[in-house]
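In what follows, chains are A, B, ... by sequence order, proteins preceding strands, each numbered from 1.
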Amino acid sequence: MTAPCTPDSSAAMNGTTDIDINDLLDDRPAEQVFRVHRDAYTDPHVFEREQQDIFESTWVFVGLANQLPRPHDFFTVTLGRQPVIVSRNGDGEIRCLLNSCRHRGMVVCPQRSGNRKTHTCRYHGWVYGSGGENMFVTDQAEGRYPAWFAKDNHDLVPVARFGNYRGFLFASLSPDVPPLETHLGDARFFLDLILDQAPQGLEYVPGDIRYTFNANWKLQIENSLDMYHFASTHASYVELLARRKPDAFAGGMPPSPADAAEQGTFSFGRGHAVMWRGKSRASPELLARRRAGYVADISELRAKWAGSARNVTIFPNLQIVDNVTSVMLRVLHPLAVDKTEMHTHCLAPVGEDADLRAARIRDYEDFFNPSGLATPDDNVIYEHSQAGFKAMAAGWTAGHLRGINPEGAPAANKYAQELGLTNADWSLGSRALGDETCFHDAYREWRRLLTQHRPG
Amino acid sequence: MPTTQLSPDAAAAFVYAEALCLDEQRWQDWLALYADDAVYWIPSWKDDHVTTEDPATEVSFMHAAGRGRLEERVKRASGTKSVASMPLPRTLHCISNVIVSPVADTADAAIADTTATGTTAGTASGPARWRVQSNCVTQIYDLRNDGLKVMACRYDHLLTEVDGALRIARKKIVLINDNVPTVLDFYCV
């Protein structure tokens with residue numbers, strides 16, 4: 001076996017635009033080696049490939065159906081770099097359309113959200129219905145168009161694939177993707193656990209939060225699945241919690257490693273993964289109140305899991321952190337190899353009791369957002385990581401190895417068995433395990449997508 | 001009506017003094033300007049031109065009820081455990097457009113009340129209260145990358161008298177540029 005931590009150089013570091021993605025991921029399971037090259041986080045050419053072959057080629061999360069309660073409601077987002085409108089038409093059907101006038105390409109709808117029966121391009125006045133259908137071409141009769149123009153389609157172009165998993169909306173700009181449910185695979189169980197808490201559905205609590213950090217988007221993918229960083233990166237948050245008087249709902253400390261709470265991960269293929277903790281900060285009172293709000297037919301097993309803390313990543317752009325005390329949904333928007341924009345939401349069951357809702361919002365604000373007591377520390381850590389990656393001479397990092405050695409791991413995972421997760425990799429250990437193998441799936445999917453149409 | 005008058009100059013001087021505490025990192029002096037039960041609130045935006053209005057049902061960037069929550073943030077800023085606070089940026093708060101108006105009754109108090117949940121405090125027979133509105137542009141010099149960023153805010157202070165001294169009962173900060181670069185904390189706005 002080669003010495004896996006010896007600094008070395010590779011073809012990827014020769015400074016040309018001719019990247020071989022396979023050089024950036026050293027994945028040798030039999031030798032217990034998993035390494036991601038620094039170029040994967042710093043090379044603008046890699047970023048271009050990611051935009052084209054990941055964010056503009058696979059299923060990406062666009063929003064909640066609940067954001068569009070009425071006919072003609074819409075919101076706008078980007079898929080990779082490409083602007084789209086997600087709109088409910090007059091028949092109640094949700095469409096996802098490229099936000100670009102068929103005449104000369106202008107953005108037809110510049111607003112973030114709203115309600116419009118028609119979208120009129122302000123350049124030359126072409127009009128589109130809320131389902132994207134072209135309704136009007138200004139002065140068409142006088143325009144000396146070629147004969148074929150009248151027969152041609154001038155509707156806003158729909159995305160290649162659009163899917164709705166129980167209110168979670170996903171789109172793909174490439175038709176070359178499996179059905180959404182196949183893509184989500186067994187990760188659906190962990191979306192279901194959040195939906196199980198909301199008999200009337202889930203909603204975003206009003207209030208948009210956007211922020212940026214000057215670092216690569218994959219650092220966010222890793223960090224949300226990383227239990228190892230919590231005690232050190234969030235030492236200030238933990239210190240403040242320790243000084244607070246216990247709150248009726250969520251005033252306690254996070255369970256400590258010494259608490260023997262179990263921690264584990266599942267990876268589902270196609271990049272999705274979950275990092276779960278057997279306990280949360282939720283008080284017994286809060287757990288009981290939450291439990292009372294779950295769907296009526298929830299099983300005891302599912303109720304137990306709904307009351308545990310879970311971080312879900314749906315590759316490549318959706319993360320949901322269910323701390324029980326609050327649930328945060330965030331969407332990644334990579335802007336450059338070293339800049340990422342985040343949109344985050346406080347996710348809540350429709351019709352929640354007012355006191356639970358208020359406590360949920362305070363708990364969400366306390367930890368998350370660029371103004372919380374924990375997320376800013378993560379954001380700055382990402383920026384320090386990005387700066388540190390420039391130390392190319394230091395070679396490979398050892399940041400994806402915890403949990404890779406099967407010695408000392410349980411032979412079977414009773415939790416995978418009780419959940420019936422047959423197509424999932426897993427790790428299981430104490431709170432101090434800090435498994436990093438749960439990142440591997442995302443990088444394997446990353447490599448698959450970047451190489452499926454152009455090997456290397 | 002309040003028996004005590006607060007001149008526009010005095011109101012502006014108070015808000016300037018608060019800004020100087022932040023820029024000079026005199027955190028304890030800054031905290032001392034706040035009443036024990038002060039509410040410090042930075043709403044988020046729910047539409048292009050509408051901020052969130054009710055912290056109990058909508059998301060805020062920050063909603064600190066009681067000076068204790070501000071003391072927590074000071075501890076983060078002055079301690080060694082928050083990487084987001086190391087190194088702290090240099091800041092320069094520039095305040096302008098100061099308007100002061102007396103808060104005479106509960107209706108006026110509700111306008112100035114940043115909890116938006118209603119209050120019975122500040123009745124005609126209670127302590128004098130004034131609403132001080134101003135604009136604040138903060139220049140933030142980030143020592144990690146030598147970058148200068150700007151946060152533009154509208155301040156809405158509700159000032160009251162506590163033991164003969166002027167104190168902040170409520171402070172609402174409307175952040176105009178709400179796509180936040182990396183960190184938003186009390187010293188940034």
(message) Please classify the contact between B:Asp185 and chain A as side chain, backbone, both or neither, with a heavy-atom cut-off of under 4.5 Å.
(response) neither

(request) Please state whether the side chain, the backbone, both or neither of B:Thr52 comes within less than 4.5 Å of a heavy atom of chain A. (result) side chain

Does [X], at its [atom1] atom, have more than 12 non-hydrogen atoms belonging to other residues, nucleotides or ligands within less than 6.0 Å?
X: B:Arg154; atom1: CZ; answer: no
X: A:Tyr228; atom1: OH; answer: no
X: A:Arg81; atom1: CZ; answer: yes

Could you look at [X] and say if it's the side chain, the backbone, both or neither that has a heavy atom under 4.5 Å from chain B?
X: A:Tyr364; result: side chain
X: A:Asp366; result: side chain
X: A:Ile361; result: side chain
X: A:Arg360; result: neither

Looking at [X] and [Y], what are the two nearest heavy atoms and their distance?
X: B:Phe61; Y: A:Ser371; result: O-OG, 2.7 Å
X: A:Glu341; Y: B:Asn179; result: OE1-ND2, 3.1 Å
X: A:Asn369; Y: B:Ser60; result: ND2-O, 3.7 Å
X: B:Ala84; Y: A:Val380; result: CA-CG2, 3.7 Å
X: B:Arg76; Y: A:Leu373; result: NH1-O, 2.8 Å
X: A:Pro206; Y: B:Thr57; result: CD-O, 3.8 Å

Measure the spacing between [atom1] of [X] and [atom2] of [Y] and express it to the nearest 0.5 Å.
X: B:Glu72; Y: A:Ser236; atom1: CD; atom2: OG; result: 9.0 Å
X: B:Arg69; Y: A:Arg244; atom1: CZ; atom2: CZ; result: 3.5 Å
X: B:Lys81; Y: A:Tyr237; atom1: NZ; atom2: OH; result: 15.0 Å
X: A:Gln386; Y: B:Asn145; atom1: CD; atom2: CG; result: 12.5 Å

(request) For B:Asp48 and A:Gln111, test the side chains for any donor-to-acceptor distance below 3.5 angstrom and give the result as yes or no. (result) no

(message) Any donor-acceptor pair under 3.5 Å linking the side-chain atoms of A:Asp377 with those of B:Ser82?
(response) yes

(request) Would you mind telling me which of B:Arg144, B:Lys46, B:Met62 has the largest number of heavy-atom pairs within less than 4.5 Å of chain A? (result) B:Arg144

(request) Report the option among B:Thr80, B:Asp178, B:Val83, B:Ile42 that has the most heavy-atom pairs separated by less than 4.5 Å from atoms of chain A. (result) B:Val83

[options]: which one forms the most heavy-atom pairs within less than 4.5 Å of chain B?
options: A:Ala359, A:Pro376, A:Ala358; result: A:Pro376
options: A:Ile381, A:Asn379, A:Thr233; result: A:Asn379
options: A:His234, A:His345, A:Arg112, A:Arg243; result: A:Arg243
options: A:Val205, A:Leu240, A:Thr375; result: A:Leu240
options: A:Ser113, A:Gly372, A:Ala354; result: A:Gly372

